[in-house]
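Data block below; observations after.
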Amino acid sequence: MYRSGKIVRMNTSIDISHIRNFSIVAHIDHGKSTISDRILELTHTVDERDMESQLLDTMDIERERGITIKSNAVRVSYDADDGETYQFNLIDTPGHVDFTYEVSRSLAACEGAVLVVDATQGVEAQTVSNATLAMNANLDIVPAINKIDLPSAHPDEVKTEIEDDLAIPADDAVCVSGKTGEGIHDLLESIVFLISPPKGDANAPLKALILDSYFDEYRGVVATVRVFDGSIKKGDTLLMMQAKGDFLVDGVGVKRPAETPVDALTVGEVGYVVTGLKDPEAVRVGDTLTWASNPCPEPLPGYREAKPMVYTGLFPIDNKDYENLRDALDKLHVNDPSLVWEPETSVALGFGFRVGFLGLLHMEVVKERLEREFNLDLIATSPSVDYHVYKTDGDMIDVRSPQDLPEATRIERIEEPYLKAKIICPPEYTGAVMQLAIEHRGITTDMIHLTSKSVEMRFDMPLAELILDFFDQLKSRTKGYASLDYEFNEYRPSELVKLDILLSGDEVDALSFIVHKDKAYGLARGLCDKLKEIIPRQLFEVPIQGAIGNKIIARSTVKARRKDVLAKCYGGDISRKRKLLEKQKEGKKRMKAIGSVEVPQEAFMAILKVDE
Amino acid sequence: MAVTALYMHVPFCAQKCRYCDFDSRSFAPCDLSAALDAYFEQLYARLDAFGDAGALAQIRTVYVGGGTPSLAGERLVELARRISAWCKPVEFTCEANPESLTAELATALAEVGVTRVSLGVQTLDNAELAAIGRIHDADRALAAITTVKDAGLDVSCDLMCGLPGQTAVSWQRTLDGVLAAAPHHVSVYPLTLEEGTPLYRMACHDESLEPDEDFQAACMDAARECLGAAGYHPYEVASYALDGHECDHNIAYWTGQGYLGLGRSAAGMLDAEDFDRLAGLFPDVPARGDAYRVRLVQRDDAAMTFDAEYLSQREAAAEDLMLACRMTRGIGPDLLVRSASVIAADELAAACDRALELGLATWVPDYVEGHAGCVASKDVIAGRAHARLAPTHLGWLDGNVLFELFWGLA
């Protein structure tokens, strides 16, 4: 980890006109992280010897996958050529639709964005979608053409692309090299001149936005905030306007990137607030902070509670790990308050939990953290949304797991959550996007040409269709050029059925899935075929069947393994042979025995891999 | 209990086969002779050291493997002569490849006590032979079988299925051709791609080289049927013999008897008592502690370094059970009763029951006059019933599952 920066300025009362809040956005691998790192270096925020790439991404998974999951804000001081010292707050944003809400919060805290474009690659898919997000947030955009040290760099053409494709003036585009540091100084000057200072009233009652929060064992919840009006200092009593709770400020500070306490966070600034609150759920991202004694009249707009959208079962492969899984979820919940869960029992998998996630990437990240940080082997089952099931006896129940679906005869109707989805893409892909939407039961409600290069389409679409592979499909069918945003719309009645999977004639509850009846046949066939690929050949033939109620609608067969024997085994082979058997046995531990069938973990997520 | 089996390794080949991951070196002809001379000198010295320690007197079976022992020519005869000076084995096998086994060599070996030659025939299809890097052809292989028989020796043929380009028809031709030459013993091995071999690397680029397990199973079935009809009974996963021509030396491996391994990469297995007696011959091997069985592999030409593996009594019992499953006769009642003194009877019974439940094994009366019928595992283990747990057809072709079940008791 990094040590604290060399220069620690305790004097934080800087004039609002000298503050610049911005984020850096880019297509993957265009050099966002190296430029962030260079800025920290050039402003002496971090010593060269402490440099470590991707400084802003602190979670292991973030560094490994090269993605940002949590927002982060770092303050740097910049002595500009005009002789003045400026305060830059560099706000890092997540880049996936699961975390769209965090992105919009992060952007709401900025006045500007540095748009990084690779001088050899030019404008690419995520350049367009990120630029669109930034423009929709009314940010001042500073284009930076990166990697100009490379022989194949063609910055002039890239400038033309930026103007033509993004409708962003590129006269002021800065040519930089994150690698050599060339042009970074010019970029810092451009940030000073092109990005507006924040507006706000230092004397008005406090109005601050919570961008992010994390839990610290000793200090309780620590919230990252952007101050829009007023100021925060230690000892203030603050009110959270949506959560309706208050707390005494234990301290305020900024990240440089190590946490550095300051006297106060004043209007326009970004920093952290130590709340002392011991309940991680007490603080909600997107909430507005104000003074308890003299509150502002209106909270900041756009607060949205991070609600789980998708539910999956998480089961330990080894049933003895059930309590460990519960403890691990408790611990993870502390810095991921959006996690919710309840116990679930499966005939096939034993005891586990039904866990709610923001989306599938969120699920993958949580599962990976549970496995890695808590040393667990887990099986995740097919994702489901929250269905409203109206029973013939008049009751309505929430069904988040196919196993909980009552018998068909006891169901009056099922309603499923629908979304309003918004997709922005270049005009040449509208056909492909419409086709994709239709395949996912989407209904086009609107289509607007934003510029000659981008079209906005709006759809009504069932959430269940979106949680599977929709986002990946969208990216692949538009070569990555489409961006997606969505919000909950309403519950609508749907003709849904439960698709069951039988292995060797026995129903495996953990493989069941709720699906629209028109798609049941195709999905059943696809799932049976996919399971046939995933389940290894065993001693016996394993018939796989897809069924609705008692009706078999699809089948496939894993052929019996005809030969599995090491035929040559003489004196020198015996030790090796035993080790081979032990390795085989170790491999089987990663599988779940369902009856007499050994089923690998990924079989329970096969639904995500079905090509319809 | 004195050791009765002796293995000696000759790690030299004229050319390494593409599938082989055994320890063997190939040399240019001009260097080979000197290398063989040096190696055999050390092998003789090693033999004499064991002889001096009194470890060879009880030897009943000898097996000289490789590599290609026949490549050593006169040196191999000298080795056999020296072995015969220490003991009088009833079975003495030398491995040979068709191209280096001359009539003179066969005769000379027969004169110094060798009783049996194991020939690397592999297939009688010349294209298949070339594909795996063998340097002999089918005619040469058939001639070698005759040569061995003419010298009055038993002959065994190694055959391989799942070779590149092999078909059901070519496999049947190989089986028919070998049967026509009437060897005493046949071994059938499905080709496995071992990491690091040329064939493995080739298969990484060309999937068609990867042996198809269904095809191999069909070949193994065809061999069992065809060899069986000709009077060769299967007595182990890969081994077929005319009555009275089973390889006793190999059977020692599968029945938990101790054996000595001399030469680089040769493996030996000793019980505690034998190991303690011969420990001086394994200079760098640590004390066995309370280990019940020691497995040793010689690591160098000079027999100065060894790999040693120590097994507890329980592990040794599980290993014996696992190896017994390789044999057609299966796990005998005596072994089951003996194992029950080390492994809890109910665990043992559970493994037997699981094997029965999966259809991998079945109870077979242990005496010819014994009555068939229902046998309970616990009765056999307790010595109240006499039956062998013999692998079924499934337990033969999917033997690994069966082996895992019993090794799992360790």
Side-chain angles (χ1 to χ4, degrees), chain A residues 317-320 348 377 503-506 529 532-544 556-600 603, chain B residues 5 7 9 22-23 63 65 158 161-162 187-190 192 212-221 236-239 249-250 252-254 259 261 265-269 295 297 307 309 311 315 318-319 322-323 326 357-360 394-404 407-408 410:
Chain A
I317 289 194
D318 186 342
N319 285 324
K320 290 197 289 288
D377 270 334
L503 293 182
S504 294
D506 295 326
D529 287 346
K532 180 187 164 184
E533 281 173 37
I534 295 174
I535 297 173
R537 293 173 68 176
Q538 339 221 328
L539 275 183
F540 311 102
E541 184 177 282
V542 179
I544 304 169
S556 66
T557 306
V558 181
K559 285 197 295 174
R561 188 163 184 191
R562 285 203 55 200
K563 174 198 149 259
D564 175 23
V565 61
L566 206 76
K568 214 169 184 159
C569 185
Y570 299 108
D573 306 314
I574 295 169
S575 300
R576 200 166 56 100
K577 164 87 191 155
R578 278 195 329 251
K579 284 182 188 115
L580 216 70
L581 290 175
E582 276 159 18
K583 212 168 121 191
Q584 223 171 53
K585 200 169 166 184
E586 208 46 47
K588 282 189 188 161
K589 272 196 197 154
R590 304 276 301 169
M591 295 206 233
K592 191 82 192 173
I594 310 275
S596 57
V597 186
E598 304 276 350
V599 182
Chain B
Y7 177 80
H9 195 67
F22 273 39
D23 180 20
Y63 198 107
D158 285 356
C161 61
S187 297
V188 175
Y189 305 116
T192 40
D212 179 279
E213 299 216 320
D214 288 349
F215 175 68
Q216 289 184 322
C219 289
M220 288 166 76
D221 269 330
E236 189 258 353
V237 174
S239 312
H249 183 85
N250 287 342
Y253 295 140
W254 304 317
Y259 48 93
S265 294
M269 190 268 271
R295 293 194 166 277
V297 179
D307 287 342
E309 189 191 17
L311 282 81
E315 286 168 332
E319 188 179 77
M322 169 188 89
L323 290 169
R326 298 191 67 82
E357 181 193 344
L358 292 172
L360 294 167
L394 184 69
W396 165 47
L397 286 179
D398 283 287
N400 284 350
V401 188
L402 185 59
F403 306 154
E404 195 184 296
W407 174 243

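To find a chain, count down the sequence lines: A is the first, B the second, and so on, and within it residues start at 1. Only heavy atoms go into these numbers, but all of them, side chains included; no hydrogens, no water, no symmetry mates.
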Open item on the list: Just so I understand: if I count every heavy-atom pair under 4.5 Å between each of Ser265(B), Ala252(B), Gly359(B), Ala218(B) and chain A, which residue has the most?
Closed with: Ala218(B)

Open item on the list: Among Glu315(B), Glu404(B), Glu309(B), which residue satisfies the side-chain hydrogen bond (donor to acceptor under 3.5 Å, both in side chains) criterion with Arg578(A)?
Closed with: Glu309(B)

Task: Options Met322(B), Met269(B), Glu357(B), ranked by heavy-atom pairs under 4.5 Å with chain A, top entry - done: Met322(B)

- [ ] Go through the atoms of Trp396(B) and report whether side chain, backbone, both or neither lie under 4.5 Å from a heavy atom of chain A.
- [x] backbone

TODO: Look up atom CG in Leu323(B) and atom CD1 in Ile574(A), then write down how far apart they are to the nearest 0.5 Å.
DONE: 4.5 Å

- [ ] Compare every heavy atom of Ala567(A) with every heavy atom of Glu236(B), then report the nearest pair and how far apart it is.
- [x] OE2-O, 4.1 Å

- [ ] Can you measure from CZ (Arg537(A)) to CG (Asp214(B)) and round to the nearest 0.5 angstrom?
- [x] 4.0 Å

Task: Contacting region of Tyr259(B) [heavy-atom separation from chain A under 4.5 Å] - done: side chain

Open item on the list: So which residue, Ser575(A), Ala560(A), Cys569(A), Gly572(A), ends up with the most heavy-atom pairs under 4.5 Å with chain B?
Closed with: Cys569(A)

TODO: Please name the residue in the list Lys559(A), Arg561(A), Arg562(A) that meets the salt bridge (Lys or Arg N to Asp or Glu O under 4.0 Å) test with Glu213(B).
DONE: Arg561(A)

- [ ] For each of Arg326(B), Glu319(B), His9(B), tally heavy-atom pairs with chain A at distances under 4.5 Å, and name the one with the top tally.
- [x] Arg326(B)

TODO: May I ask you to decide if Leu581(A)'s main-chain N or O and Asn400(B)'s side chain share a donor-acceptor pair within less than 3.5 Å?
DONE: no

Open item on the list: What's the separation between atom CZ in Phe403(B) and atom CG in Asp564(A), rounded to the nearest 0.5 Å?
Closed with: 9.0 Å

TODO: Answer with side chain, backbone, both or neither: which region of Ala266(B) has an atom nearer than 4.5 Å to a non-hydrogen atom of chain A?
DONE: neither

TODO: Determine the interplanar angle of the Tyr570(A) and Tyr189(B) rings, folded into 0 to 90°, and report it as parallel if under 30°, tilted if 30 to 60°, perpendicular if over 60°.
DONE: perpendicular

TODO: Check whether any side-chain heavy atom of Val565(A) lies under 4.5 Å from a side-chain heavy atom of Met220(B), and answer yes or no.
DONE: yes

TODO: Can you tell which part of Ser239(B) gets under 4.5 Å to a heavy atom of chain A, answering side chain, backbone, both or neither?
DONE: side chain

- [ ] Cation-pi check, Lys577(A) to Tyr253(B): give yes when NZ or CZ is under 6.0 Å from the six-membered ring centre and within 45° of the ring axis, no otherwise.
- [x] no

Task: Interchain contact, Leu358(B) with chain A, by part (heavy-atom threshold 4.5 Å) - done: both

- [ ] Nearest 0.5 Å please: distance from the CH2 atom of Trp407(B) over to the NZ atom of Lys585(A).
- [x] 10.0 Å

